[in-house]
Amino acid sequence: MLKSDAAPNGAAGFPVCVSKMKLSPAVTALKPSATIAAAAKAKALKSQGVTVYDFTLGEPDFNTPEHIQNAAIEAMRAGHTHYTPSGGTLELKKAICAAYQRDYQIKYEPNQVVVSNGAKHSIHNVLTALCGPGDEVIIPAPYWVSYAALVELAGATPVIVETSEASGWRLTGPQFAAAVTPKTRMLLLNSPCNPTGATYSTDQLQALADVAAKHDLLVCSDEIYERLLYTDEPFRCFATLPGMYERTIIISGVSKAYAMTGWRIGWTLATPFITAAMDNLQSQETSNPCSVSQYAAAAALTGSQECVEAMRREFAKRRQYTLERVAALPGVNMPAPGGAFYAFFNISSYFGKPLGAKRQVVQTATDFCTALLEDAHVALVSGDAFGAPGYVRLSFATSIDTLKSGFDRIQSFLGGSV
Ligand code: PMP
Ligand code: GLU
């Protein structure tokens, strides 16, 4: 039966087949990505001609370095515009293996790599290939907005373990052990962490590795921010810890380190058994990642790494400025983020107080972000989406000038003088 007037499950004016136009249970339960939704809200306001100070999306504001762009252009001209092997070109897989050998002295072979359409897709592949109904995946909170949703999409159950600001937002071995049940399959770890910027030392990672070994668990280690560190201790790839190689699935990609978010290239490194399963899955779902982007990613990995360091140094300056401005906000404290490009701070001391020119009173971080956007035209992401009520996330992957104007506005919204 077709109905053309406003129907409950169709957009107004669109005809819907009432009996069959139902979404699947998995998609019905799915919430939109909160980071992308917050960015869309900021963009909608910008499209009305309003100047918005947008600190929502975690993506470098730099353009992709020129030598990487050139590699893509050359690839197109050379006719590399066709399907590639489903898990990526051999050339890119070799470049990824060589980069891990160079950076972490760890040996991977091309049959341990699956290249996907961004690291988000890689995480989806891992969870879909390895987890299903009845399986539990342990996720330390605060967590990146897509983790729990992707676990649920795979039919598995996210088990959220709270960490505290006082302990630097790190999961400890005893906390991890206490969350393990006979159904636990995997720990989904993210260091440096989005949204907190928390990084783990080797000893802290080892404590988690000991629990994984004791309970025979997998560890999916999302290392997408591995090159964006502001601490003295070098990055430790989880798979390099003693006994962890076989049970670790590494997630990373070019999005953050090389300012290549739009190219959509991420990867997994795992045992050949797991890799073959993910390759199989990807061959049915998407065929292969974009051919031209793969040539660009290979150039990124094999070319000079100076561009990565130049961008990291710039992020370090912005982080320093951000730390100073957050410290100057009355009633707000924040542990310094050791990596990534986010400031994550508690604004709950402002709940119940009149804020901004409109004297709005809010009780949640989500309402705080809405009021801040409407009143001061500053866009942040609510901590509610990261499993951390009372907090907000500010991406400092933007110019110091924008940060300055944004913080001035946040400060006056909170009632302080600038
Ligand atoms: N993991 C984390 C922790 C992230 O913040 C992001 C966001 N970019 C991703 C994975 C996904 O990266 P990509 O853009 O390559 O899909
Ligand atoms: N990962 C980035 C962020 O957290 C990009 C948006 C997304 O993929 O969710 O803002």
Side-chain angles (χ1 to χ4, degrees), residues 83-132 135 137-138 150-151 153-156 184-191 205 208-209 212-224 226 235-254 264-291 293-295 297-298 300-302:
Y83 293 130
T84 72
S86 52
T89 63
L90 185 58
E91 185 189 351
L92 176 54
K93 289 182 181 181
K94 281 184 175 167
I96 292 169
C97 295
Y100 279 79
Q101 182 67 50
R102 175 192 69 204
D103 296 340
Y104 310 128
Q105 297 74 56
I106 184 167
K107 190 166 174 51
Y108 283 103
E109 298 292 343
N111 69 348
Q112 296 180 267
V113 185
V114 175
V115 181
S116 302
N117 302 287
K120 189 185 280 189
H121 182 208
S122 303
I123 299 166
H124 168 76
N125 281 348
V126 171
L127 295 168
T128 306
L130 291 167
C131 303
D135 291 331
V137 176
I138 294 178
L150 291 174
V151 169
L153 207 52
T184 308
R185 288 295 304 279
M186 182 186 284
L187 168 68
L188 183 38
L189 189 67
N190 180 212
S191 171
L205 290 176
L208 302 179
K214 181 171 174 207
H215 297 277
D216 195 19
L217 301 174
L218 295 168
V219 176
C220 179
S221 182
D222 181 348
E223 304 184 351
I224 189 95
E226 65 194 279
F235 179 75
R236 184 74 191 250
C237 172
F238 199 86
T240 63
L241 294 167
M244 286 299 109
Y245 187 78
E246 274 80 19
R247 59 179 77 251
T248 302
I249 303 118
I250 300 288
I251 304 281
S252 197
V254 290
R264 310 307 305 134
I265 294 292
W267 57 76
T268 50
L269 294 168
T271 59
F273 170 72
I274 296 174
T275 303
M278 292 191 292
D279 193 339
N280 197 4
L281 174 68
Q282 188 159 292
S283 76
Q284 293 291 10
E285 281 192 334
T286 69
S287 293
N288 60 265
C290 168
S291 60
S293 295
Q294 291 186 65
Y295 283 87
L301 292 170
T302 55

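Note that these values count all heavy atoms, side chains included, but never hydrogens, waters or copies made by symmetry.
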* Tell me, which pairs form a salt bridge (Lys or Arg N to Asp or Glu O under 4.0 Å) where one or both residues lie in residues 108-118, sequence neighbours left out? -> Lys107-Glu109
* **All side chain to side chain donor-acceptor pair (under 3.5 Å) counterparts of Ser221, not counting sequence neighbours** => Glu223
* Asked: Nearest 0.5 Å, what's the CG-OG1 distance between Leu241 and Thr248?
  -> 7.5 Å
* Asked: So which pairs with a foot in residues 84-99 pass salt bridge (Lys or Arg N to Asp or Glu O under 4.0 Å), sequence neighbours left out?
  -> none
* To do: Output yes when a side-chain donor or acceptor of Asn190 lies under 3.5 Å from a complementary backbone atom of Asp222, and no otherwise.
  => yes
* Scan side-chain atoms only and decide if Gln282 and Ser116 contain a donor-acceptor pair under the 3.5 Å cut-off. => yes
* Residues in salt bridge (charged side-chain N to carboxylate O under 4.0 Å, His left out) contact with Arg264, at least two apart in sequence or another chain -> none
* Asked: Would a distance-only check, ignoring hydrogens and angles, find a side-chain to backbone donor-acceptor pair under 3.5 Å from Gln112 to Pro272?
  -> no
* Looking only at non-hydrogen atoms, find the nearest pair between Gln294 and Pro289 and report the distance. => NE2-O, 2.9 Å
* If you measure only the distance, is there a donor-acceptor pair under 3.5 Å linking the side chains of Ser86 and Asn288? -> no
* **Pair Tyr108 + Tyr245: ring centers closer than 6.0 Å** => yes
* To do: Work out which heavy atom in Ala297 is nearest to a heavy atom in Val254; give both atom names and the distance.
  => CB-CG1, 4.0 Å
* Taking all atoms of both residues into account, what is the closest heavy-atom pair of Arg185 and Leu130, and its distance? -> NH1-O, 2.6 Å
* To do: Rounded to the nearest 0.5 Å, what's the gap from CD1 on Ile106 to CZ on Phe238? Could you check?
  => 11.5 Å
* To do: May I have the step-by-step check of side chain to side chain contact (heavy atoms under 4.5 Å, CB included) for Val113 and Thr275, ending in yes or no?
  => CA-CA 6 Å; Val113 185; Thr275 303; 5.7 Å; no
* Asked: Rounded to the nearest 0.5 Å, how far does OH of Tyr295 lie from CD1 of Ile265?
  -> 11.5 Å
* To do: Would you indicate whether the side-chain heavy atoms of Val219 and Leu208 approach each other to under 4.5 Å?
  => no
* Structure fact -> Heavy-atom closest pair (Ala119 atom, Ile251 atom, distance to 0.1 Å) is CB-CG2, 3.9 Å
* Structure fact -> Output for pair (Thr286 OG1, Leu281 CG), nearest 0.5 Å, gives 8.5 Å
* Asked: Can you name the salt bridge (charged side-chain N to carboxylate O under 4.0 Å, His left out) partners of Arg236, sequence neighbours left out?
  -> none
* Asked: Do Leu205 and Leu189 have side-chain heavy atoms sitting under 4.5 Å apart?
  -> yes
Considering only distance and modelled atom types, tabulate donor-acceptor pairs under 3.5 Å from the side chains of residues 97-104, sequence neighbours left out.
| from | atom 1 | to | atom 2 | distance (Å) |
| --- | --- | --- | --- | --- |
| Tyr100 | OH | Trp267 | NE1 | 3.1 |
| Arg102 | NH1 | Leu301 | O | 2.9 |
| Tyr104 | OH | Glu226 | OE1 | 2.5 |

* With the side chain counted from C-beta on, respond yes when Thr268 and Val126 share a heavy-atom pair under 4.5 Å apart, and no when they do not. => yes
* Asked: Do the side chain of Arg247 and the main chain of Leu217 share a donor and acceptor less than 3.5 angstrom apart?
  -> yes
* **Nearest-0.5 Å distance that lies between atom CD1 in Ile274 and atom CG in Leu218** => 5.5 Å
* Asked: Are side-chain heavy atoms of Met278 and Thr128 found at a separation under 4.5 Å?
  -> no
* Heavy atoms, side chains only, cut-off 4.5 Å: are Leu269 and Ile96 in contact? -> yes
* To do: First locate atom CG of Leu92, then atom OG1 of Thr302, and finally report the distance between them rounded to the nearest 0.5 Å.
  => 9.5 Å
* Ignoring hydrogens and angles, tell me if any N or O in the side chain of Thr240 forms a donor-acceptor pair with the backbone of Cys237 under 3.5 Å. => yes
